[in-house]
Amino acid sequence: MLDQIKTVEEGVNKLLTIREVPIPSYTFFRKTKNDLTDLLSLDGETEKIPLPYWHYDVRIRSIWRFCRNKIDTVCCLNAYSFFGKDMTFEQALYRELDIAEFVLCAKIKKVTAFKNGDACNLIAVTDRGTLANLDFGATMANGAVNQCQHRVILQNSMVNDRVVDNQVVSHGTYVFNDSSVKPEVFDDLEVYLYGLNAEDCKMALYINALIKKSEKISEIRANHAHLLKVMDAVFRSDKTGETVEVEA
Amino acid sequence: MKPIKIAILSCNHGHARSYFGLQNDPFFDLVAVSVQPGYRDKAELYRLKDSIPKYDSDEELYAHHPDLEAVIIASANDRHLEQVRVAAAKGLHIFSMKIPSFDLNEYKEMIEVTEKAGVVCQVELEMRHHAEIMRAKDIMDSGEIGEPLSITLTNYSHNPIWWRPWQGSPEESWGKRVFLRDGDPRYRGGALADHPHIFDVVRLLSGSSFDTVFADVAPNMRDIETEDLVHISGRMKNGIIYSLDPSYANLEARVVRQVDWEIYPRIVEVTMNIVGTKGTLISDLYGKGYYFVDPRTNRYLADSPESIGIWNRRTQEFYECVRHGAKPPVGLRDHYETIAAMVAAYNSITTGKVIKM
């Protein structure tokens, strides 16, 4: 039996140690209701770094790689994503806009959005002329597993984080015992991080990459600032009932 | 029970063959079909009994069957008005394909001539007969997911234009050549024009009417004249927001007859999500698939055996209308708003604006 990793920090330190990378001074902050995502303070810097850790979701990352290599043939993204109420609307919006730009390898330049309570549907046009159709909501029970699909259509191909005929998230292991009709599920994937849940695995992998400078802090900050402008455009579009250009 | 003497006109609509089953339906007497000129070799007429005559024109069919009571108009969209006029003038009841016309003046004329003739005109909209829709409606009505906030649907399918060219012809599908928008070489009449049923589902489940419509098209997957990837979004009059994606997003083999054409494992995917204030419903509306490797093509495929009610209930309702004076679940007047919303979606693509209905 492997020792189980219990925290994101334990996971990060293990990943760094295995590769003989010195462990810097860092502090990981879980997002609060006022944050758009989880945060990291690195080397004593006071300005925290926003963590789009979903970039290390193996499926999302694979979609990005797939599209990156065929960028001139990308047509559009169709995505839906539903969250528990423990995710704020703004956090859900931030995440899905970022995923759209990440997998389409493009920046959103205008949006037409319709919001109703904690649900929102929007159509975004990117600077590459591709489209993103995003539908999402945050009304499921606290702690509910994010149910999503991100399907990119390309000329002569398609890439998706769901298998054909499957709309909800599948798991790695299902345990059907004799005391519950609902299975217990596990999503162990990374042997170095055995014990962490799926979300924390992605987080540990992202922080590991950031410390190793595979992810550039300046780019993360610039992208964060851009996403704030896209979010502003979403809210203005919903309010005015018109398409809104994202501020340059 | 007195069977209705019925004929199928043209047989080049994708759904025409779906009604070939009437030849074995005790409520109907499928007396003949006509075939669109040039389409005989693709019309899958082998599925029909030898005893059912196949004519090369409607005129010939009508001449041989003066006792006809009803027709299924299964032609390309641009022929519908002309066939409705003739059928109504003959006092024949009409079972219409899902797009009567995109020309709203033509559409109004269809309403006028059928109502003046006193004939039934029922529009086929298959999603209304899916049990999954009934379940969604029951769950919404029960309050289990709270107040509905958003209804979203996708209808992803292959593009049938290779074996059914009219669906890629702007004239035959949309009715005439109209550019999607300035500077875009594509015309109206593609994926958006083929999928009214998801618009209808939003109306049905929201219990409301379209208030605003916005649509945009992505770059095409295929080198064709009409759009194949399109997104639509907006708000219903009761505040519920919606999002529709009726794209031809699943690739197909470019064959001229509909044989060994499947590439994408599931050829038609119709899915729906409903977000309520207290939860989310995620639904596959197109039945349960089974999976196989096609020994002819070595492709991994899925197929969805349809439930009997999807097709039979529609024709059963038509029987009730013709024989017992029932009201069609979707008549021309009821369906007008769906078509108007689709026209608004095209207008939104053209103008880049949100269209207020």
Side-chain angles (χ1 to χ4, degrees), chain A residues 72-85 110 112-126 128-141 144 147-149 151-158 162-169 237-238 240-243, chain B residues 145-152 154 156 211-212 214-223 228-235 239-245 247 249-251 264-266 269 271-280 282-284 286 288-289 291 300 302 304 348 352-354 356:
Chain A
D72 291 334
T73 68
V74 173
C75 298
C76 63
L77 163 72
N78 186 7
Y80 62 78
S81 197
F82 305 115
F83 301 90
K85 290 179 177 176
K110 61 181 178 179
T112 311
F114 300 89
K115 183 177 178 297
N116 190 14
D118 285 332
C120 183
N121 305 323
L122 66 90
I123 296 173
V125 180
T126 74
R128 301 188 71 90
T130 50
L131 245 60
N133 181 24
L134 311 181
D135 308 328
F136 63 95
T139 65
M140 300 193 300
Q147 299 297 337
C148 61
Q149 177 165 187
R151 180 196 297 225
V152 179
I153 309 294
L154 305 90
Q155 290 166 6
N156 299 317
S157 64
M158 180 280 297
R162 297 287 156 259
V163 69
V164 172
D165 251 13
N166 203 342
Q167 292 167 263
V168 295
V169 173
S237 173
D238 173 63
T240 60
E242 294 177 355
T243 301
Chain B
I145 58 170
E147 291 298 315
L149 299 172
S150 170
I151 300 173
T152 66
T154 60
Y156 274 179
D211 185 34
T212 56
F214 177 77
D216 205 346
V217 286
N220 268 13
M221 297 177 80
R222 306 167 183 82
D223 51 346
D228 60 13
L229 299 171
V230 57
H231 308 307
I232 304 114
S233 199
R235 196 179 297 275
I240 293 175
I241 56 174
Y242 66 89
S243 168
L244 305 171
D245 189 335
S247 294
N250 297 345
L251 287 170
Y264 187 81
R266 185 147 179 201
E269 301 169 286
T271 62
M272 178 174 71
N273 303 316
I274 302 173
V275 179
T277 52
K278 294 180 179 175
T280 297
I282 298 174
S283 178
D284 180 344
Y286 232 60
K288 301 287 180 291
Y291 311 90
Y300 174 65
S304 303
S348 175
K353 305 279 187 193
V354 177
K356 177 85 173 164

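Computed from a predicted structure; not experimentally measured. Lettering of chains follows the sequences in order, A, B, ..., and the numbering in each one begins at 1. Worth knowing before you read on, the calculation uses all heavy atoms, side chains too, and leaves out hydrogens, waters and symmetry mates.
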Heavy-atom check, side chain of B/His231 versus side chain of A/Leu131, under 4.5 Å: yes
Top residue by heavy-atom pair count (under 4.5 Å) with chain A, among B/Lys353, B/Arg222, B/Arg266? B/Arg266
Is there side-chain contact between A/Asp238 and B/Arg235, with at least one heavy-atom pair below 4.5 Å? yes
Applying a strict 4.5 Å limit to non-hydrogen atoms, the region of A/Lys85 in contact with chain B is side chain
Pick from A/Met158, A/Glu242, A/Gln155 with the largest number of heavy-atom pairs that fall under 4.5 Å of chain B: A/Gln155
Select, from A/Ala119, A/Cys120, A/Ala138, A/Gly137, the one with the greatest count of heavy-atom pairs under 4.5 Å involving chain B. A/Ala119
Contact origin within B/Tyr242 toward chain A - heavy atom pairs under 4.5 Å: backbone
Please name all residues satisfying salt bridge (charged side-chain N to carboxylate O under 4.0 Å, His left out) with A/Arg128, sequence neighbours left out, ordered by chain then number. A/Asp72
side-chain contact (heavy atoms from CB on, under 4.5 Å) between B/Phe214 and A/Ile123: does it pass, once the steps are laid out? CA-CA 9 Å; B/Phe214 177 77; A/Ile123 296 173; 3.8 Å; yes
Can you say whether A/Leu134 sits under 4.5 Å from chain B via the side chain, the backbone, both, or neither, judging by heavy atoms? neither
With chain B as the partner, which of A/Val164, A/Thr243, A/Asp165, A/Ile153 has the greatest number of non-hydrogen pairs under 4.5 Å? A/Asp165
Quick one, A/Phe114 and B/Val354 - any side-chain contact, counting heavy atoms below 4.5 Å? yes
Any side-chain donor-acceptor pair under 3.5 Å between A/Asn121 and B/Ser150? yes
Return the minimal non-hydrogen interatomic distance between A/Gly129 and B/Pro219, and the atom names on each side. O-CD, 3.5 Å
Where on B/Leu229 is there a heavy atom nearer than 4.5 Å to chain A: the side chain, the backbone, both, or neither? side chain
Looking at CG of A/Asn78 and OG1 of B/Thr271, how far apart are the two atoms once the value is rounded to the nearest 0.5 Å? 8.0 Å
Using 0.5 Å steps for rounding, measure from the CD atom of A/Gln147 to the OG1 atom of B/Thr280. 9.0 Å
To the nearest 0.5 Å, what is the distance between CG on B/Asn273 and SG on A/Cys148? 11.0 Å
Is B/Ile145 close to chain A through its backbone or its side chain, or both, or neither, when contacts mean heavy atoms under 4.5 Å? neither
B/Asn250, part contacting chain A, at a heavy-atom distance under 4.5 Å: side chain
When rounded to the nearest 0.5 Å, the distance separating OG1 of B/Thr154 from CD of A/Gln149 is 7.5 Å
So, for A/Asn116 and B/Ile240, which heavy atoms are closest and what is the spacing to 0.1 Å? ND2-CA, 3.7 Å
Heavy-atom distance under 4.5 Å to chain A: side chain of B/Ile241, backbone, both or neither? both
Side chain, backbone, both or neither: which part of B/Thr277 has a heavy atom under 4.5 Å from chain A? backbone
Is there a donor-acceptor pair under 3.5 Å between the side chain of A/Thr139 and the backbone N or O of B/Gly276? yes
Out of A/Asn156, A/Thr130, A/Asp118, A/Val125, which one racks up the most heavy-atom pairs below 4.5 Å with chain B? A/Asn156
Atom group of B/Ser247 that falls short of 4.5 Å from chain A, counting heavy atoms: neither
Can you say whether A/Thr73 sits under 4.5 Å from chain B via the side chain, the backbone, both, or neither, judging by heavy atoms? neither
Worked check of side chain to side chain donor-acceptor pair (under 3.5 Å) between A/Asp135 and B/Ser243: CA-CA 7 Å; A/Asp135 308 328; B/Ser243 168; 2.9 Å; yes
